[in-house]
Amino acid sequence: MDTVDKLAPYDAALARRLGALYRQHGRTLSLVGGSVRDLILGQATHDLDFTTDATPEQTKLILAEADPTATYSIGEKFGTIGATFDDVVVEITTFRTERYQPGSRKPEVSYGTSLEEDLARRDFTINAMALDLTTNVLIDPFGGQRDLSARLIRAVGKPTERFAEDPLRLLRAVRFVAQLGFDLVPDTRAAIRESADLLRQVSRERILEEMSRLLVASHAARGLRLLSDLGLFAVFMPEIDELRSTTQGKRSKDVFEHTLRVIERTPPDLVLRWAALLHDVGKPRTFIETGGEIHFPGHELVGERLSAEILTRLRADADLIARTSRLAGMHMRANQYESEWTDGAVRRLMRDAGPDLERLLLLSTADVTSYRAAKIEAATNRVRRLRERIQHLEEQTRIEEIRSPLDGNDLMTIFGRGPGPWIKAVKEYLLDQVMEGKLAPDDRVAAEAMARRFVDDGLAA
Ligand code: ATP
Ligand code: MG
């Protein structure tokens, strides 16, 4: 089996077909970067990235030959042609090199002369491999396969230089740790710590994008711990580092450790994970110790405000800001549930949480990270009872919304009769038909026909 067969069948066939075409044109085509990494890992890859010695103009001609119906775009990225074959997005980039002038972070980009040169500009060894589709050879000048099997993230070349060239790589390294569960090799790790401050030069939108991807990754907690350990949080979210120095009492974890546990106990949903990260961010500012006991009065409201502040600073969109901060603000409410709550109280919680009600329940369950199993069980049961109550109320609301398609006034007009008990009888009959599923709640025509039959049969008295 060729390595390319590890791709999904459609992708493999497409890659082979494109490879053959480039060869016919006397050019090379290689799958490159993340696509090769994912393929060797046996993971689904979401986009196919190729690199070639053909110029973008030649690539356009070759792609038109491959499939005249494919749609093309000239990437904003230098030398990249994007195309879509059915649903599969491919990007084909002419070999590139990037030269960084000391002091300037805008690289001077030009066409490269070899695949090796193209691979050398890439960030980590596991991302710097290519599979030549014209020869079926894996090109791996930096030991990417070795690092993949040893589960290591290692910068290509001299780490401090590579991070100075593009400090976004500081976050990318940690994001890959979070996604793959790999370790950083010592010199790459040391270089990140040393270069952490350079992250100030990276735009907040790019930081947010990496953070969001890290948060929904399988090993998110590990990534977050690294961001703190290596001094990256200190640069863009110092509020999280403060959690580390905030104790919750002798027998409890500090707020940071607790936060990581909560993250681990939530499903990988973007809003939920952001809320999990920020839910206790108000604790350092509300800490009080009285009579040997520690409390954080109103920390959820301070947290709500701080969450909004932090996400606004990172240029998050209004939806993410509103939903995350609302969950932070509400995160204590579900765990206070008692069966004595009135329906009104439960309904208020439902309305306040809006579309994130289920997330609030998941966050509340995850928030109890006690060492004591009995405590966790009690909290889980509490949320389960609340969820049942909510389901019951939702059902009731749906039933209450079921109405007869015709009201009393409609019936009086249709039958030319004045008010009286007959109206109630007809309406109840129609409502029954709706509940039985024999009449749609908005089908006035059918309702009228049914009502006439009912009255004609003398059933309305
Ligand atoms: P994913 O798509 O899952 O984020 P990826 O590795 O494919 O992972 P992309 O951002 O799609 O990441 O980039 C594709 C490839 O381009 C990478 O695998 C890497 O080789 C290279 N690359 C991307 N960003 C950088 C960067 N900042 N510095 C150096 N090389 C980079
Ligand atoms: Mg990619």
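First listed ligand is number 1; within each ligand, the first listed atom is number 1. Numbers here are sequence positions counted from 1.
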_For atom 28 (N) of ligand 1, what is the closest protein heavy atom, and at what distance to 0.1 Å?_
Arg169 NE, 2.7 Å
*Is any side-chain heavy atom of Met211 closer than 4.5 Å to a side-chain heavy atom of Met237?*
yes
*Whether over 12 other heavy atoms sit under 6.0 Å from Arg200 CZ*: yes
_Which atom of Thr286 lies closest to which atom of Pro297, heavy atoms considered_ = O-CD, 3.3 Å
*Within a distance under 4.0 Å of any heavy atom of Arg175, pick out the atoms of ligand 1 and give their elements.*
1 (P), 3 (O), 4 (O)
_Suppose I only count heavy atoms of Asp49 and a 4.0 Å limit; which atoms of ligand 1 are within that range?_
14 (C)
*Salt bridge between Glu117 and Arg121, side-chain N to carboxylate O under 4.0 Å?*
no
*Is there side-chain contact between Asp147 and Phe182, with heavy atoms separated by less than 4.5 Å?*
no
*Please state whether Phe176 comes within less than 4.0 angstrom of ligand 1, counting heavy atoms only.*
yes
*asked:* Rounded to the nearest 0.5 Å, what separates atom CZ in Arg16 from atom CG in Leu7?
replied: 9.5 Å
*Nearest to atom 22 (N) of ligand 1, what protein heavy atom do you find, and at what distance?*
Arg172 NH2, 3.7 Å
_Protein contact of atom 15 (C) of ligand 1 - nearest heavy atom, named by residue and atom, plus distance_ = Arg122 NH1, 3.6 Å
*When rounded to the nearest 0.5 angstrom, what is the spacing between CG in Leu314 and OG in Ser203?*
10.0 Å
*Can a non-hydrogen atom of Arg121 be found less than 4.0 Å from any atom of ligand 1?*
yes
*asked:* How far is atom 18 (O) of ligand 1 from the closest protein heavy atom, and which atom is that?
replied: Gly34 N, 2.9 Å
*Top protein contact for atom 27 (N) of ligand 1, by heavy-atom distance*: Asp166 OD2, 2.8 Å
*Around atom 5 (P) of ligand 1, find the nearest protein heavy atom and jot down its residue, atom name and distance.*
Arg37 NH1, 3.7 Å
*Can you tell which part of Phe163 has a heavy atom less than 4.0 Å from ligand 1: side chain, backbone, both or neither?*
neither
_Looking only at protein heavy atoms, which one is nearest to atom 4 (O) of ligand 1, and what is the separation?_
Arg213 NH2, 2.5 Å
*asked:* Give me the nearest non-hydrogen protein atom to atom 30 (N) of ligand 1 as residue plus atom name, then the distance to 0.1 Å.
replied: Asp123 N, 3.2 Å
_Less than 6.0 angstrom separating the ring centers of His258 and His279, yes or no?_
yes
_Beyond-backbone contact of Leu243 with Glu257, side-chain heavy atoms, under 4.5 angstrom_ = no
